[in-house]
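Report on the structure given below.
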Amino acid sequence: MKRIDAHLHLVRNLAGYNAKGRINALGDGKVVWDNGMHTQLFPKGWGNDNFLIDSALKVMDNEGIGKAVLLQGSLYGFQNYYSYQVAKKYPDRFIPAFSVDPYANDALKIVHRYVDQLGFRAAKLEISQGGGLMGYHSAFRLDLEPKWSKIFHYLADFPGFVITVDYGDYSQKSYQPEAIDHLAAMYPDLDFVVCHLSFPNADHLKRLANALSQFAPHKNIYCDLSAIQDIEKEQGTGAYPFPRCQIDVQLAKDILGAKRLMWGSDAPWSATFNSYHNLVSWLGVSGIFNEKELEDVMGNNAERIYFKKNNVLALKNSSEKE
């Protein structure tokens, strides 16, 4: 079975910054934020204060993961250029997404560089209040903020471009499923992926159903299933195979269908709560999907959305020459 991790992070230079301040490496995979919060960020043996491609390939190969989508986030600090270097070396195994702070003076210049020059055909929008841009910027509407609009207008010139969004949970000012609904209608040639299945809670399924029902009419909106174990607080060997997550995914299948869902891990941090093996295997033992549906969710959908032929070619043909 084709397996693609549709939500993986590489970390060369740890440079996280979010509502908790700056991240500070302590060694042995541990960090402390400026607000005093301590976190085990990397599983033991994965990296001291980074998660490099050699370690990632070992983890992936051990579980038969053929490809991965390299996403960015404020948790680790944007690893845009390292992701480019890795994907350029392994263009048939990795597709990279870049991140940008739209409030930076050179935001559009950054976007142009990664798209025009370096051949990126995916962007990660980490806008969540808890871990992303709205933790250190004033609240904005993703579909109405002019600084984002300029970026979306530019990306509209690249049909098949993928915009991946993490907007946090319902308690955060960044939680905006309606914005994804509007953007998908405004930019029908772009694909939108909502991370973490819109932050589900099995005790509040109507909330999840409302968000997914907004997405349902738009064939260019998808969801990844990464880190929902963390969100549902199903952590440790005793939590496997994650019954609360199974309830969430069954609802998502009923509303969106299996072809609009894709598996991802959100490793490395997610693999500190549950083993990577359990993150890879739980859908296969859940019984939610038949064999063909499982093949789609575990790999075919990510292949179709992220690894489009033109998207891969754009990366392969890219050059850093001025």
Salt bridge check, [Y] against [X]: does any charged N sit closer than 4.0 Å to a carboxylate O?
X: Arg93; Y: Asp61; result: yes
X: Lys20; Y: Asp34; result: no
X: Lys30; Y: Asp49; result: no
X: Lys58; Y: Asp54; result: no
X: Asp296; Y: Lys259; result: yes
X: Lys67; Y: Asp5; result: no
X: Arg141; Y: Glu178; result: yes
X: Asp191; Y: Lys308; result: yes

Pair [X] + [Y]: ring centers closer than 6.0 Å:
X: Tyr136; Y: Tyr17; answer: yes
X: Phe152; Y: Tyr154; answer: no
X: His137; Y: Tyr103; answer: yes

Q. If you draw a 6.0 Å radius around CG in Asn105, do more than 12 non-hydrogen atoms from other residues or ligands fall strictly inside?
A. no

| Taking atom OH of Tyr240 as the centre, does the number of heavy atoms from other residues, nucleotides or ligands within less than 6.0 Å exceed 12? | yes

List the steps, then state whether ring pair (Phe, Tyr, Trp, His ring centres under 6.0 Å) holds for Phe215 with His218. CA-CA 6 Å; Phe215 302 159; His218 305 288; 8.4 Å; no

Q. Is Phe51 linked to Val280 within one hydrophobic cluster, defined over Ile, Leu, Val, Met, Phe, Trp and Tyr using a side-chain heavy-atom separation of less than 4.5 Å?
A. yes

Rounded to the nearest 0.5 Å, what separation is found between the [atom1] atom of [X] and the [atom2] atom of [Y]?
X: Glu295; Y: Lys2; atom1: CD; atom2: NZ; answer: 9.5 Å
X: Gln72; Y: Gln79; atom1: CD; atom2: CD; answer: 6.5 Å
X: Leu251; Y: Gln246; atom1: CG; atom2: CD; answer: 13.5 Å
X: Ser128; Y: Tyr175; atom1: OG; atom2: OH; answer: 13.5 Å

* Asked: side chain to side chain contact (heavy atoms under 4.5 Å, CB included) between Ile305 and Tyr222: does it pass, once the steps are laid out?
  -> CA-CA 9 Å; Ile305 301 307; Tyr222 306 83; 3.2 Å; yes

Apply side chain to side chain contact (heavy atoms under 4.5 Å, CB included) to the pair Leu294 and Leu283, showing each step before the final yes or no.
-> CA-CA 8 Å; Leu294 187 64; Leu283 286 174; 4.1 Å; yes

The single option from Arg207, Gln214, Lys206 that satisfies side chain to side chain donor-acceptor pair (under 3.5 Å) with Asn210 is Gln214

(request) Please determine, by modelled atom types, if His153 and Tyr187 share a side-chain donor-acceptor pair under 3.5 angstrom. (result) yes

